[in-house]
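Just below is one structure, and these are the notes that go with it.
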2 protein chains.
Amino acid sequence: MKELLMYFNRFQALPPEAEKAITEICSMITIKRNEDLQSIGHTCLTIYFVKKGIARIYYYKDGIDITESFSPENTIIARVESLFTGTPSRKAIQIVEDAEIIAINATKLFQLYDTFPAIERLFRKIFESAYVETVNRIESIQFHSAEERYLALLQDTPNIIQRVPLKCIASYLGITQVSLSRIRANIK
Amino acid sequence: MKELLMYFNRFQALPPEAEKAITEICSMITIKRNEDLQSIGHTCLTIYFVKKGIARIYYYKDGIDITESFSPENTIIARVESLFTGTPSRKAIQIVEDAEIIAINATKLFQLYDTFPAIERLFRKIFESAYVETVNRIESIQFHSAEERYLALLQDTPNIIQRVPLKCIASYLGITQVSLSRIRANIK
DNA sequence: TTGGTTGCCTGACCTTTGTGAAGAATTAAA
DNA sequence: TTTAATTCTTCACAAAGGTCAGGCAACCAA
């Protein structure tokens, strides 16, 4: 749980009672590669923190598996379009590499917002930061070529490329596996 | 100011003192077509509400004017990647159609968060909702053809297409004006 | 009225990426 | 160790979209 509290502290300091309250609504999950942490059609009521391993959000578009995002160690993962709207998600969370996950009960968390303004503030900041990343990602998708995006990923998070199957990387970049192969061949 | 308070109320009810406090950090701006409300390089410390007219966020990529988003009546517009990080923005806000804008002083707003938890909660919800829209937009950009995206825009916000120059629509859709013209010719 | 500017459309050609199929290479299973 | 299943790469061809250039209509300003 230490990692999670350190992660929180980078956004917002919490009084000890608030830390304790959060800790009490968390549970540890150990889960193996290729298993789904949450499945398609399920309404998201949990926010996950990846302590070890890698997770990804994916969904099916015309029968093809599309990766929306990766979450390596020390990151938060949640299907926000379901969490914030209360509607079922068309997306699933899958474990890409054997993982230890901390699950935060979002229903209880939102109740804590009333008791601990610092917790509401903490998660406001966490999701503001995620929002900014998403806005930047749009720019990257829309106005950089597939090769530029691959190189950027290589530079920003080289360990993801080494630890995740190429087909997931390809769909994350918005291209086919074939195109990614060509790009890789070109670079060398 | 009535429109703004009604907009707020859709997300979160505010006590009268909180409404009054927000009203006091707002100012009205009347501004003409083609003028920049905020310019490139400026750090964003203002959140805008469009009361009348249309605004857009744009930036230059390789010398070409790219539209990131449109904001018609009764929407909020802000360059969040600057507002939430405190760094200068590479983007500008331009008025596309003569407008009346309510400017909310974000520095003072963030101070109000300490006095009025309901205000912090209100803006948390506003930006959570914007975040969800942005996540959905990625899906739209990445996995729909230019024609599908144009048709979706036609369906969702037909009035934007009628009120905004086609070159802005094209760059918003991530294509050239030429391609957009061909798509339009194809549809008829 | 004329000339300049802007916004939108069209044609010819080129580049990037997708599709379908098939072949290495790696890994897992028997 | 051999077979089977994945994973990744490569090829030939097709489609989507980009680039460059030109054209026409509408709208100003002189």
Side-chain angles (χ1 to χ4, degrees), chain A residues 32-36 54 56 58 60-67 70 94-98 138-154 158-188, chain B residues 32-36 54 56 58 60-67 70 94-98 138-154 158-188:
Chain A
K32 290 227 169 282
R33 200 167 90 95
N34 287 331
E35 285 189 39
D36 275 4
I54 299 185
R56 69 174 183 124
Y58 73 97
Y60 290 99
K61 157 82 182 164
D62 301 332
I64 295 167
D65 173 327
I66 304 286
T67 296
F70 297 108
Q94 189 193 47
I95 301 305
V96 181
E97 192 180 76
D98 293 3
I138 287 189
E139 202 182 319
S140 147
I141 293 173
Q142 200 147 15
F143 304 111
H144 294 269
S145 69
E147 180 169 329
E148 288 171 320
R149 275 176 276 147
Y150 176 72
L151 291 173
L153 192 63
L154 253 183
N159 61 331
I160 285 192
I161 292 179
Q162 286 151 16
R163 292 160 69 188
V164 167
L166 281 192
K167 65 175 177 187
C168 295
I169 307 275
S171 69
Y172 174 75
L173 292 173
I175 57 177
T176 59
Q177 200 178 339
V178 177
S179 295
L180 181 55
S181 246
R182 275 196 282 248
I183 288 169
R184 286 159 62 93
N186 250 326
I187 288 169
K188 284 163 205 159
Chain B
K32 291 229 170 280
R33 199 167 92 94
N34 288 332
E35 286 188 40
D36 276 3
I54 299 185
R56 68 172 183 127
Y58 74 96
Y60 290 100
K61 156 83 182 163
D62 301 333
I64 294 168
D65 173 327
I66 304 286
T67 296
F70 298 108
Q94 189 192 46
I95 302 305
V96 181
E97 191 180 76
D98 294 2
I138 287 190
E139 203 181 317
S140 148
I141 293 173
Q142 200 146 13
F143 304 109
H144 295 268
S145 68
E147 180 168 328
E148 287 171 322
R149 277 175 274 147
Y150 175 73
L151 290 173
L153 191 64
L154 251 183
N159 60 330
I160 285 193
I161 290 178
Q162 284 150 16
R163 293 159 70 187
V164 167
L166 281 193
K167 64 174 176 186
C168 295
I169 307 276
S171 68
Y172 174 76
L173 293 174
I175 55 176
T176 60
Q177 198 178 339
V178 177
S179 295
L180 180 55
S181 245
R182 278 195 276 251
I183 287 169
R184 285 157 63 92
N186 247 327
I187 288 169
K188 281 162 204 162

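Letters A, B, ... are given to chains in the order of the sequence lines, protein chains preceding strands, and every chain is numbered from 1.
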note = Each nucleotide of nucleotides 10-22 of chain C classed B (base within 4.0 Å of a protein heavy atom), S (only sugar-phosphate) or -, in 5' to 3' order, makes BBB----SBB---
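Straight-line distance from the CD atom of Gln142(A) to the P atom of dG18(D): 11 Å, rounded to whole Å. Computed from coordinates, the Tyr150(B) OH to dA16(D) C1' distance equals 18 Å when rounded to whole Å. Across the protein-nucleic acid pair, Ile161(B) atom CD1 and dC8(C) atom P stand 12 Å apart, rounded to whole Å. For Arg33(B) and dT6(C), the CZ to C1' distance is 10 Å, given to the nearest whole Å. Counting to the nearest Å, the C1' atom of dG17(D) and the CZ atom of Arg184(B) are 17 Å from each other. Nucleotide dA16(D) holds its P atom 11 Å from the CD atom of Glu148(B), rounded to whole Å. Taking atom CG of Asn34(B) as the reference point, atom P of dC27(D) lies 16 Å away to the nearest angstrom.
Qualifying side chain to side chain donor-acceptor pair (under 3.5 Å) partners for Glu35(A), counting only residues two or more places apart in sequence or in other chains: none. With sequence neighbours excluded, no residue forms a side chain to side chain donor-acceptor pair (under 3.5 Å) with Asp98(A). Taking the ring-ring contact (aromatic ring centres under 6.0 Å, His included) definition, one finds that Tyr150(A) meets it with nothing, sequence neighbours left out. Remark: Gln142(B) engages no residue in a side chain to side chain donor-acceptor pair (under 3.5 Å) (not counting sequence neighbours).
Atom CD1 in Ile66(B) sits 9.0 Å away from atom CD in Glu139(A) (nearest 0.5 Å).
Where the helix from dT1(C)-dA30(D) to dA30(C)-dT1(D) starts and where it ends, the local axes point in directions that differ by 30°; five pairs per end, rounded to 10°.
Dashed line: the shortest gap from a side-chain N or O of Lys167(A) to OP1 or OP2 of dC8(D) is not under 4.0 Å.
The salt bridge (Lys or Arg N to Asp or Glu O under 4.0 Å) pairs that include a residue from residues 158-180 of chain B are Glu73(B)-Arg163(B), Glu97(B)-Arg163(B), where partners are two or more places apart or lie in different chains. A salt bridge (Lys or Arg N to Asp or Glu O under 4.0 Å) check over residues 168-181 of chain B, counting only residues at least two apart or in different chains, returns nothing.
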Less than 3.5 Å apart, which donor and acceptor atoms pair up between the side chains of residues 176-183 of chain B and the rest of the protein, not counting sequence neighbours?
from      : atom 1 : to        : atom 2 : distance (Å)
Thr176(B) : OG1    : Ser179(B) : N      : 3.2
Thr176(B) : OG1    : Ser179(B) : OG     : 3.2

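Looking only at side-chain heavy atoms (C-beta outward), Ile160(A) and Ile169(A) come within less than 4.5 Å of each other.
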